[in-house]
Amino acid sequence: MPTQKGRFGPYGGQYVPETLMAALVELESAWEEAWSDAAFQLELRAQQHAFIGRPTPLYSADRLSEEFGGARLHLKREDLCHTGAHKLNNALGQVLLARRMGKARIIAETGAGQHGVAAATACARFGLECVVYMGREDMRRQSVNVRRMRLLGAQVREVTLGTGTLKDATSEAIRDWVANVGSTHYVIGSAVGPHPYPELVRELQRVIGDEARDQYLAAEGRLPDIVMACVGGGSNAIGMFTAFVGDQDVRLVGVEAAGRGVETGLHAASLTGGRPGVLHGSYSYVLQTEDGQVKPTHSIAAGLDYPGVGPEHAFLRDLERVEYTAVTDAEAVAAFRLCTRLEGIIPALEPSHALARARAFAEELGPSGRILICLSGRGDKDLDAVEEFDGRQD
Ligand SMILES: *Cc1c(COP(=O)(O)O)cnc(C)c1O
């Protein structure tokens with residue numbers, strides 16, 4: 001849906017150092033060629049099946065629907081992907097592309113470590129060198145994922161600059177790419193960054209919505225009234241929404257992290273509480289101060305804790321094709337517990353934001369209504385965060 005090459009309306013673009021322009025041009029043409037090559041598609045589909053476990057199921061959440069007392073909820077089970085979330089859909093596809101381009105070295109940034117683990121997993125599978133940049137603070141909070149990456153053979157490089165979190169790790173990964181651009185492919189972890197990444201990541205994640213739409217029609221004989229997904233950088237959401245964007249009767253809802261409340265300033269809701277600006281190579285909504293400094297963010301869900309959002313979401317918001325809303329830490333934790341108890345599924349805290357907002361929509365639609373939610377990952381990684389939250393004063 002880019003309105004001109006690399007743009008979604010006014011958003012997107014390529015705001016990068018001159019030294020990266022050639023690499024982006026090379027990536028774009030390699031990507032276009034691969035994506036239209038039947039052999040690449042066949043290889044990708046075979047790997048998605050045998051390695052990731054696709055297609056993931058569509059699941060009728062009967063007891064949660066009953067609890068909400070309104071519309072019927074279905075979950076798209078990305079939590080059942082290998083490594084526990086949708087992120088491997090993207091990492092695997094990009095590693096296959098890098099291999100095709102003859103790049104033997106992969107770099108990635110990671111916040112909570114989920115994307116780092118996905119990149120390290122795909123690199124182990126195909127025998128590529130993998131370097132993952134991670135903030136010092138995140139390495140401390142997510143030591144299990146650091147150990148997983150190292151076991152998988154990746155080198156994890158600690159980033160001590162700035163706040164020692166995801167945005168600093170991303171800046172460091174970009175610096176590495178500038179220095180090693182000939183041998184290295186940078187696997188970005190969400191639908192963000194300079195063109196062609198937002199488009200490339202969307203195409204690799206759209207398998208979520210393409211499968212879900214077919215499965216939904218087969219199971220229910222109709223389309224859902226509302227499709228929902230959580231939005232960090234926006235990759236699982238754009239992967240889910242793309243299949244439905246042309247269905248004008250289907251409402252699309254993206255749910256951001258309101259943290260302790262958007263009014264407190266301690267949140268990560270870029271579309272709800274930010275304004276347009278440039279971050280990590282593209283023009284989109286950014287959480288920033290009056291004079292354009294990137295603001296510190298907060299969310300209990302590490303995967304949503306990012307001050308930017310993919311440019312296509314910014315455009316879909318301006319077009320009013322997707323509604324964006326935000327849910328607090330407390331609401332997400334309550335939904336996390338409810339889903340676990342009622343469905344026997346421990347959801348990640350990220351999609352728990354979408355589950356929390358689904359209650360109001362279920363009530364609004366009533367019993368004849370139908371809601372489809374992207375359950376982007378499993379919550380085993382979040383047990384410490386939930387316990388810590390319970391001990392917190394708010
Ligand atoms: C990383 C992550 C997210 C957020 O990333 P998007 O690019 O917005 O999808 C959401 N859910 C889970 C489980 C994640 O690991």
Side-chain angles (χ1 to χ4, degrees), residues 1-21 24 109 111 115 133 135 159 161-175 177-178 186 188-202 230-235 237-238 254-259 261-299 301-326:
M1 210 169 68
T3 45
Q4 70 188 65
K5 216 171 168 66
R7 292 273 178 184
F8 303 90
Y11 305 108
Q14 296 176 310
Y15 298 84
V16 297
E18 198 52 42
T19 42
L20 284 184
M21 283 307 295
L24 291 175
E109 83 296 338
H115 173 57
Y133 288 91
V159 177
L161 296 168
T163 50
T165 57
L166 176 59
K167 80 171 166 49
D168 311 300
T170 305
S171 303
E172 225 18 58
I174 292 171
R175 270 189 281 275
W177 201 28
V178 169
Y186 176 22
I188 290 189
S190 189
V192 300
H195 176 71
Y197 283 104
E199 220 176 300
L200 191 164
V201 176
R202 176 195 68 208
C230 63
V231 178
S235 70
I238 206 71
V255 184
E256 297 190 298
V262 172
E263 70 291 348
T264 65
L266 295 169
H267 65 89
S270 318
L271 290 164
T272 310
R275 61 192 168 81
V278 170
L279 179 67
H280 297 142
S282 100
Y283 181 67
S284 184
Y285 278 68
V286 180
L287 291 171
Q288 54 186 316
T289 60
E290 286 296 310
D291 50 4
Q293 296 298 312
V294 177
K295 277 190 188 167
T297 52
H298 165 78
S299 170
L304 304 184
D305 201 354
Y306 179 69
V309 65
E312 192 165 6
H313 286 290
F315 188 46
L316 289 166
R317 172 203 149 117
D318 284 6
L319 293 176
E320 298 182 9
R321 178 63 190 95
V322 180
E323 303 159 49
Y324 294 89
T325 174

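Every heavy atom of this structure was used, including side-chain atoms; hydrogens, water molecules and symmetry mates were not. For the single chain, residues carry numbers from 1 onward in sequence order. In this text the structure is predicted, and so the values were computed from the model without any measurement.
Minimum interatomic distance between Val231 and Ala237 (heavy atoms only, all atoms of both residues): CG2-CB, 3.8 Å. The heavy-atom pair separating Leu24 from Pro196 by the smallest distance is O-CD, 4.0 Å. Counting all heavy atoms, side chain and backbone alike, Ala268 lies closest to Thr297 at CB-CB, 4.1 Å. Shortest non-hydrogen contact noted between Pro311 and Ser284 is CA-OG, 3.6 Å. Taking both residues in full, the closest heavy atoms of Ala269 and Leu287 are given as O-CD2, 3.7 Å, listed atom of the first, atom of the second, then distance. Nearest heavy-atom pair across Pro10 and Tyr283 is O-CD2, 3.2 Å.
Remark: the backbone N or O of Ala326 is not paired with any side-chain donor or acceptor of Glu256 at under 3.5 angstrom. Counting only distance, with no hydrogens or angles, the side chain of Ser299 and the backbone of Ala301 share a donor-acceptor pair below 3.5 Å. The backbone N or O of Ala191 sits nowhere less than 3.5 Å from a side-chain atom of Ser235 that would complete a donor-acceptor pair. Using a distance-only test at 3.5 Å, with no hydrogens or angles considered, a donor-acceptor pair links the side chain of Arg275 to the main chain of Thr289. Under the 3.5 Å distance criterion, the side-chain polar atoms of Arg321 are left unmatched by any main-chain donor or acceptor of Phe315. Distance alone, capped at 3.5 Å, places no donor-acceptor pair between the Glu312 side chain and the Ile238 backbone.
Counting heavy atoms from C-beta outward, Val16 and Met21 have side chains that approach closer than 4.5 Å. Leu304 has its side chain within reach of Cys230: a pair of non-hydrogen atoms, C-beta onward, lies under 4.5 Å apart. Looking only at side-chain heavy atoms (C-beta outward), Tyr186 and Thr170 come within less than 4.5 Å of each other. Counting only heavy atoms from C-beta outward, the side chains of Ser282 and Tyr11 never approach each other to under 4.5 Å. Residues Val178 and Leu20 form a side-chain contact, since some pair of their non-hydrogen atoms from C-beta on lies under 4.5 Å apart. Glu109 has its side chain out of reach of Glu172: every pair of non-hydrogen atoms, C-beta onward, lies at least 4.5 Å apart. Side-chain contact between Gln288 and Leu279 is absent, with no heavy atoms from C-beta onward closer than 4.5 Å. Arg175 has its side chain within reach of Leu161: a pair of non-hydrogen atoms, C-beta onward, lies under 4.5 Å apart.
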Candidate pair Asp318 and Tyr285, rule side chain to side chain contact (heavy atoms under 4.5 Å, CB included), full reasoning: CA-CA 11 Å; Asp318 284 6; Tyr285 278 68; 3.5 Å; yes

Test log, rule side chain to side chain contact (heavy atoms under 4.5 Å, CB included), inputs Leu316 and Tyr324: CA-CA 10 Å; Leu316 289 166; Tyr324 294 89; 3.8 Å; yes

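With values rounded to the nearest 0.5 angstrom, Lys295 atom NZ is found 13.5 Å from Lys167 atom NZ.
Using modelled atom types and a 3.5 Å distance limit, the side chains of Thr165 and Thr163 yield a donor-acceptor pair. A donor atom on one side chain and an acceptor atom on the other are found under 3.5 Å apart for Tyr306 and His280.
Shown here is Glu18, whose CD atom has no more than 12 heavy atoms of other residues, nucleotides or ligands within 6.0 Å.
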